[in-house]
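Letters go in sequence order (proteins before strands), and every chain restarts at 1. This structure is a prediction, so every number in the text was calculated from the model and none was measured.
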Number of protein chains: 2
Amino acid sequence: MVTSDLGAFAPKYQRVANDLRRRIRQGEWQPGDRLPAETALAEHYDLSVPTMRQAVAVLRAEGAVESRHGVGTFVKEERRLQRRSRDRYGRARKDSRLLTAHLEHTILSAGRGPLPAHIAAVLDDAEPGDEVVIRRRLLTDPKTGTPEEVGASYVPLGIAAETFLEEPTVVPKAMFLCVEELAGKRYAQARDHWIARLPTPEETQVLGLPTGAPVMHVIHVARAEDGSVLEVSESVWPADRIMLIDEYPVEPEAAMPEAPSEI
Amino acid sequence: MVTSDLGAFAPKYQRVANDLRRRIRQGEWQPGDRLPAETALAEHYDLSVPTMRQAVAVLRAEGAVESRHGVGTFVKEERRLQRRSRDRYGRARKDSRLLTAHLEHTILSAGRGPLPAHIAAVLDDAEPGDEVVIRRRLLTDPKTGTPEEVGASYVPLGIAAETFLEEPTVVPKAMFLCVEELAGKRYAQARDHWIARLPTPEETQVLGLPTGAPVMHVIHVARAEDGSVLEVSESVWPADRIMLIDEYPVEPEAAMPEAPSEI
DNA sequence: CTCGCTAGGTCCTAAAGAGGACTTGAGGAC
DNA sequence: GTCCTCAAGTCCTCTTTAGGACCTAGCGAG
């Protein structure tokens, strides 16, 4: 009953989108292939071009196809980067390189600024507007030139003020190793906040996203043994490029103090 | 340079969507308030109704507003359920209740079936099509009647065959406690795969999602001490209702064996 | 008072068409 | 050969127009 008449009374653009998706999955067009032009598709499905465009827009938002203005619409390869939340520190400590060495790092800006509200919201001990050192970065695939990640790091003034972290140049090693050195404390605990959402207009532009494509957003809070914040880092990826993997032991008894809450 | 002329040459529907978003953020309309009708908005912004609708569709996909057919468009409350990945077992073991006691559970189906390809893809030791016991569930907010989560559990035949897990009735306690009892093994390790994407047509219908709204999807693999799979569970939420929180210690030295890879 | 009908307002889908912007490739000028 | 120009093909934005579906409130009949 619940899943009975799916598609029977669905709008045309959805039915057509479903059919196109199926044809792509079945391999009628391979990754990289160009789909027929919108006018040709509209004729084939016997509907108007605007409605046809609406159907293609669905697949574009899903990341199944990519439209190039003036050129055509192409099937995209399904490819998700697997990212592990927990091992980032251990691995980088070992070889001391940047965490994402295969990508090209660009520093969009660096310097002091106010703590954004959405960052302060996940901290108990900070207010929006507090002055911190902010480093905004962009990671690009050097092979294709595709932007893969945009993000920022927020470091307390007491650690980063008057240091090279205020300079808009790429740091020589993993960011957290620099912070540890400057702060004289080790990273001891971390908390990640993961949300999926649609991008801001800025993110749409910087990441070159098609309209309607979602992003994955993580805010990473790192603290020292004494509980003080060493760094807050946030990253935004195109959702269709990323899979987060989290591996952990199941504690036989222990329970955490708080119940799930809402904000 | 990178973020200079944002919006200057953006299409109308985007500029209008941005303006509407700003007005909502600034409190011009409170959560629950009805926006002016599309015809009125179109007149106010001096553009056609279809273009106006496209602008509103942006906010709808973002989860900022909700349109009710024949009634109007209303500002939604921003409200994310915080969900912790790590403490689900500890807490449930403590009071033995269902993990999400405040939601109403419905079993959509239960019985044997083939393992879906996207589940097999995250397992090393299973093939798509393997016969397992599948329980599909829907969680609803009893206060509002809103569907909040749709998901499924996959349990090996060796554990669940010929048991009450094949019956489409709600289990009396947390699912994993039932599995532990039937298998005679404890849950020891877990691995979560998080992805954000646009929903399938089925999910759109079951969760009552507006077009273009993304979902968060997790596949949770639970194994016993000996490495055998006890249960694979997957859940899908509307993305604008959920925030995943993950808290963990930073290991001072240890590194995990494998580098990030692609699939 | 209760019930059912109706009218008006609202959002939803669809078509047809015009103009614009972008890319590519062919042909001609140098 | 190299560079430029141009035309064709493609996707992008926006408008105008039409009809349908859905909900609510008000009115009248019983």
Side-chain angles (χ1 to χ4, degrees), chain A residues 5-20 29 32-61 64-76 145 201 204-205 208-213, chain B residues 5 7-20 29 32-61 63-76 145 201 204-205 208-213:
Chain A
D5 52 6
L6 256 180
F9 295 106
K12 275 189 191 174
Y13 76 93
Q14 274 186 23
R15 290 207 302 272
V16 171
N18 292 348
D19 189 61
L20 269 184
W29 300 286
D33 285 2
R34 212 198 72 183
L35 261 54
E38 289 168 348
T39 51
L41 283 175
E43 192 178 1
H44 173 263
Y45 282 109
D46 190 31
L47 38 74
S48 70
V49 172
T51 304
M52 190 64 231
R53 280 188 52 72
Q54 202 177 357
V56 174
V58 172
L59 300 187
R60 204 158 38 223
V65 303
E66 173 186 15
S67 292
R68 289 206 283 277
H69 192 165
V71 185
T73 299
F74 300 83
V75 175
K76 275 215 295 189
T204 302
Q205 194 200 25
L209 295 169
T211 58
Chain B
D5 53 3
F9 296 106
K12 274 190 192 176
Y13 75 91
Q14 273 184 24
R15 289 208 301 274
V16 171
N18 293 348
D19 189 62
L20 269 183
W29 300 285
D33 283 2
R34 210 198 74 185
L35 259 55
E38 288 168 349
T39 51
L41 283 175
E43 191 179 358
H44 173 264
Y45 283 108
D46 190 30
L47 37 72
S48 70
V49 172
T51 305
M52 191 63 232
R53 279 188 54 72
Q54 203 177 356
V56 174
V58 172
L59 300 188
R60 205 160 36 223
V65 303
E66 173 188 15
S67 292
R68 289 207 284 276
H69 193 165
V71 184
T73 299
F74 300 83
V75 176
K76 273 213 298 187
T204 301
Q205 194 200 26
L209 295 170
T211 59

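For the pair Lys12(A) NZ and dA14(C) P, the computed distance is 6 Å after rounding to whole Å. For the pair Glu43(A) CD and dA16(C) P, the computed distance is 12 Å after rounding to whole Å. Atom pair Gln14(A):CD and dC12(C):C1' shows a separation of 12 Å (rounding to whole Å applied). For Glu38(A) and dA16(C), the CD to C1' distance is 15 Å, given to the nearest whole Å. To the nearest angstrom, P of dA14(C) lies 15 Å from OH of Tyr45(A). Counting to the nearest Å, the P atom of dC12(D) and the CD atom of Gln54(A) are 14 Å from each other. Taking atom CG of residue Leu59(A) and atom P of nucleotide dC11(D), one finds them 13 Å apart after rounding to whole Å. Going from atom OH of Tyr13(A) over to atom P of dA15(C) covers 13 Å, rounded to whole Å.
Residue Thr73(A) is in sugar-phosphate contact alone, with no base atom involved, counting any heavy-atom pair closer than 4.0 Å across all strands shown. Within the 4.0 angstrom heavy-atom criterion, base atoms lie near Arg53(B). Note on Ser48(B): a base of the nucleic acid sits closer than 4.0 angstrom, heavy atoms only. The residue Pro50(A) sits close to a base: some heavy atom pair falls under 4.0 Å.
The shortest distance between the side-chain N/O atoms of Arg15(B) and the OP1/OP2 oxygens of dC14(D) is not below 4.0 Å. A sub-4.0 Å separation between OP1 or OP2 of dC11(C) and a side-chain N or O of Arg60(B) is absent. For Thr51(A) and dA15(C), the shortest distance from a side-chain N or O to OP1 or OP2 is below 4.0 Å.
Met52(A) places a side-chain heavy atom less than 4.5 Å from the side chain of Leu20(A). Side chains of Gln14(A) and Thr211(B) form a contact here, defined as non-hydrogen atoms less than 4.5 Å apart.
The heavy-atom pair separating Trp29(A) from Arg34(A) by the smallest distance is CD1-O, 4.2 Å. Nearest heavy-atom pair across Val56(B) and Ser67(B) is CG1-OG, 4.4 Å.
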Could you give me the CA-CA distance, side-chain angles and deciding distance for Arg53(B) and Glu38(B), then say whether salt bridge (Lys or Arg N to Asp or Glu O under 4.0 Å) is met? CA-CA 7 Å; Arg53(B) 279 188 54 72; Glu38(B) 288 168 349; 2.7 Å; yes
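The Leu47(A) side chain lies nearest to dA15(C) when the options are dA15(C), dC14(D), dC23(D).
Residue Gly70(A) is the one, among Ser67(A) and Gly70(A), whose nearest nucleotide of DNA chain D lies closer to the 5' end (criterion: closest heavy atom).
Judged by atom type and distance alone, His69(A) reaches the base of dC11(D) through a side-chain donor-acceptor pair under 3.5 Å.
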